[in-house]
Number of protein chains: 2
Amino acid sequence: MSEPANPRPTLAAVAALAGVSASTASLVFSGAGPVSEATRARVREAAAALDYAGPDPTARSLRRGRTGVIGVVTEDRLGEAFRDPINLALLDGLGEELADEGYGLLVLPWSGPAGVDLSAAPMDAAVLLGCSADLARSVEALQRRRIPLVAIEAPALPGVVGIDLDNAEATRRGATLLRELGHERVALVTLPLDLDRTRGPLTPEREAAGSAFTAAERIRGARSVFPDTAGISAAGSSVAEGHAAGLALLGGDPAHRPTAIIAQSDLLAAGVILAAEELGIAVPDQLSVLGFDGIRLDGITTHRLTTLVQPAIEKGRAAGRAVREALAGGAPSSVAFVSSLRVGTTTAPAP
Amino acid sequence: MSEPANPRPTLAAVAALAGVSASTASLVFSGAGPVSEATRARVREAAAALDYAGPDPTARSLRRGRTGVIGVVTEDRLGEAFRDPINLALLDGLGEELADEGYGLLVLPWSGPAGVDLSAAPMDAAVLLGCSADLARSVEALQRRRIPLVAIEAPALPGVVGIDLDNAEATRRGATLLRELGHERVALVTLPLDLDRTRGPLTPEREAAGSAFTAAERIRGARSVFPDTAGISAAGSSVAEGHAAGLALLGGDPAHRPTAIIAQSDLLAAGVILAAEELGIAVPDQLSVLGFDGIRLDGITTHRLTTLVQPAIEKGRAAGRAVREALAGGAPSSVAFVSSLRVGTTTAPAP
DNA sequence: TTGTACGCGTTATCAA
DNA sequence: TTGATAACGCGTACAA
């Protein structure tokens, strides 16, 4: 006398128990269409009796042609991708525009051939978060599915809505400030150049082989002011990485050591400052440090970082709105955001 | 002469073009079943000609009864939930066990009635991340769907696999250390007590009304050593919140001010230390600080925090494994993890 | 090795 | 206001 398995009841079962047709029962749950109070009550009763959870999402998706899911394609391991405050802000913005509208966000860590199969994940649209590397391949796989695609800071691609940032121009403005302060020996601490994310000195070969769009753009902006600037590419956007890069750049002969460092993120910049302090190099008197992002650095440093503030949440919102517009049948256009230079206490005239 | 719309081709269309039946074409894409090289090639060709992206995920899900999606139910706004390093570590662990197996993670921010509809999201199983509040209601909605449920640090619930932590016992061990060091005036800085997340002094009313399981357990552990300990509940797990709480607790008369503070997270503890330093209170000589979590505090503080190290990634992995086991037809059992006290440089004998 | 038949659980359309 | 019918796009017995 074993308890019978209790399989998921179907709409048909509920309808049968209520003594109505499946289509009528469907109306009760979807709310679309006129149903008499009496039958509505009977159907609800039957549903309760069977412990019916409502229409099966998969069947509904198939029938309606919509899943209510938006894919968010990230390049990294999951935790890694979301350790970047900028991506978190983006997620917040996306959430405001999408999750609050009832969409779920399907996070798809995708690095090249590994990871989730982009062509098999159920979704109505996709947002590409940090996929500048190998972007083309993932876009290709997704475009075949005829779903709207939104890419954050990626090279322009036909049929893909871009949410862009003035990475080169903004960095150029920051570099110009340093130049005006008299700096000549300037070094770079960049974001990872590619999927490998290995820390190491910038070389023409490594830069050429790099696939990270944002990093490359910011390098370009810096070089437009300091043409031959060298530096180090970090293995991630973190205080620890900035610290390591800072030690490497600042450990040498004081006469030749850089008087300013352009870091490609605020976390990297904070790490550089930490390294400088450890080495007894005063910021900003002996070393100016420029960041990028404009995030809050609670507790990490007491300096007010000079940095390029980017509208990260706005970028997420714009991406979310683009998705909604596309799903509504519209043809959203790309958006370009601009960063603003916020001068803090980490930049000063060259010593 | 407008370009005709290019609708998503179906498997049937591909089959037709290739001159085979739909079922044969299906075999080509699923790989299951023997197909001659010749027909396989013809089907692939037809698919290429039509720019076919592969079987429709939704239809496939309906037919197979699996979506390949695991829901991750979070309590907060998205960015907020992932700003907690512990949740990030959990996500990493989950990713290792699930994303690497091809599952996508569907992030569902759910706070009470608002947010995504849990009964409408397509998923094969769900992991409840920080849903101790209002847990019962979300579990109810999900259990009707007959999908496996895994809850991280939640009150035991029938039919839900628990991934638990010794929050009370671990805190008790930390508190015991403080007691042995001679501390008597001890204050708490707790995680948010409920969904409201308002910062404020602990009162019996607020504690009773609180719904956050982890916070309550850790309070319980602390009180088992210091029965009447009061304190402040933070509005989140961040350095800034810890800082604010620290200022409030330490600003008073030195003769009555606490000599030790038990913070319920490392970020809160770091904030408390910052506040103490601002007030000229030396850590650990004049104030001992205890954290919880055992995360890396790169750059935030130079102290080595005395804290309770919890195996966060392991928790995520365990949750992922439980999901896989349940999906494979097994009956995974709950797992209880233990934290270990790591004594650093932020605790010392009471002054 | 290939094709036929059927159903997965819904919802849209239309007629009653 | 309700019900019958037909898809949605695919996978899987089973038969050929």
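Chain identifiers are assigned alphabetically (A, B, ...) following the order of the sequence lines, protein sequences preceding nucleic acid strands; residue numbering begins at 1 within each chain.
Among the atoms of the strands shown, base atoms are found under 4.0 Å from some heavy atom of A:Ser23.
Residues that satisfy the side-chain hydrogen bond (donor to acceptor under 3.5 Å, both in side chains) test with A:Arg197, not counting sequence neighbours, are A:Asp76. Remark: B:Asp56 engages B:Arg8 in a salt bridge (charged side-chain N to carboxylate O under 4.0 Å, His left out) (not counting sequence neighbours). Not counting sequence neighbours, B:Phe337 has no partner by the ring pair (Phe, Tyr, Trp, His ring centres under 6.0 Å) test. B:Arg144 is linked by a salt bridge (charged side-chain N to carboxylate O under 4.0 Å, His left out) to A:Asp51, counting only residues two or more places apart in sequence or in another chain. Every residue meeting the salt bridge (charged side-chain N to carboxylate O under 4.0 Å, His left out) condition with A:Arg321, not counting sequence neighbours, appears here in chain and number order: A:Glu97, A:Glu314. Shown here are the salt bridge (charged side-chain N to carboxylate O under 4.0 Å, His left out) partners of B:Asp92, two or more places apart in sequence or in another chain: A:Arg83.
The side chain to side chain donor-acceptor pair (under 3.5 Å) pairs that include a residue from residues 58-67 of chain B are B:Thr67-B:Asp124, where partners are two or more places apart or lie in different chains. Note on residues 33-50 of chain A: pairs passing salt bridge (charged side-chain N to carboxylate O under 4.0 Å, His left out), not counting sequence neighbours, are A:Glu37-A:Arg40.
One interatomic measurement links the two molecules: CG of B:Leu11 to P of C:dG3, which rounds to 12 Å at whole-angstrom precision. Whole-Å rounding puts the A:Leu50 CG to C:dG9 C1' distance at 15 Å.
Across residues 56-64 of chain A, A:Leu62, A:Arg63 each have a non-hydrogen atom less than 4.0 Å from an atom of DNA chain D (numbered order). Taking every heavy atom of residues 25-40 of chain A and every atom of DNA chain C, pairs under 4.0 Å involve A:Ser26, by number.
Here CD of A:Glu153 is found 10.5 Å from CD1 of A:Ile163. Values are rounded to the nearest 0.5 Å.
Taking both residues in full, the closest heavy atoms of B:Gly162 and B:Ser334 are given as N-OG, 2.8 Å, listed atom of the first, atom of the second, then distance.
Under 3.5 Å, the side chains of A:Ser23 and A:Ser26 contain no donor-acceptor pair of N or O atoms.
Annotation: side chain of A:Phe29 is in contact with side chain of A:Leu11 (closest heavy-atom distance under 4.5 Å).
Using five terminal pairs a side, the axes of the helix from C:dT1-D:dA16 to C:dA16-D:dT1 at its two ends make an angle of 30°, given in steps of 10 degrees.
Running 5' to 3' along DNA chain D, contacts with non-hydrogen atoms of chain A at under 4.0 Å begin and end at D:dT1 to D:dG9.
Exactly one of B:Val150, B:Leu327, B:Leu94 qualifies for a side chain to side chain contact (heavy atoms under 4.5 Å, CB included) with B:Ile70. That residue is B:Leu327.
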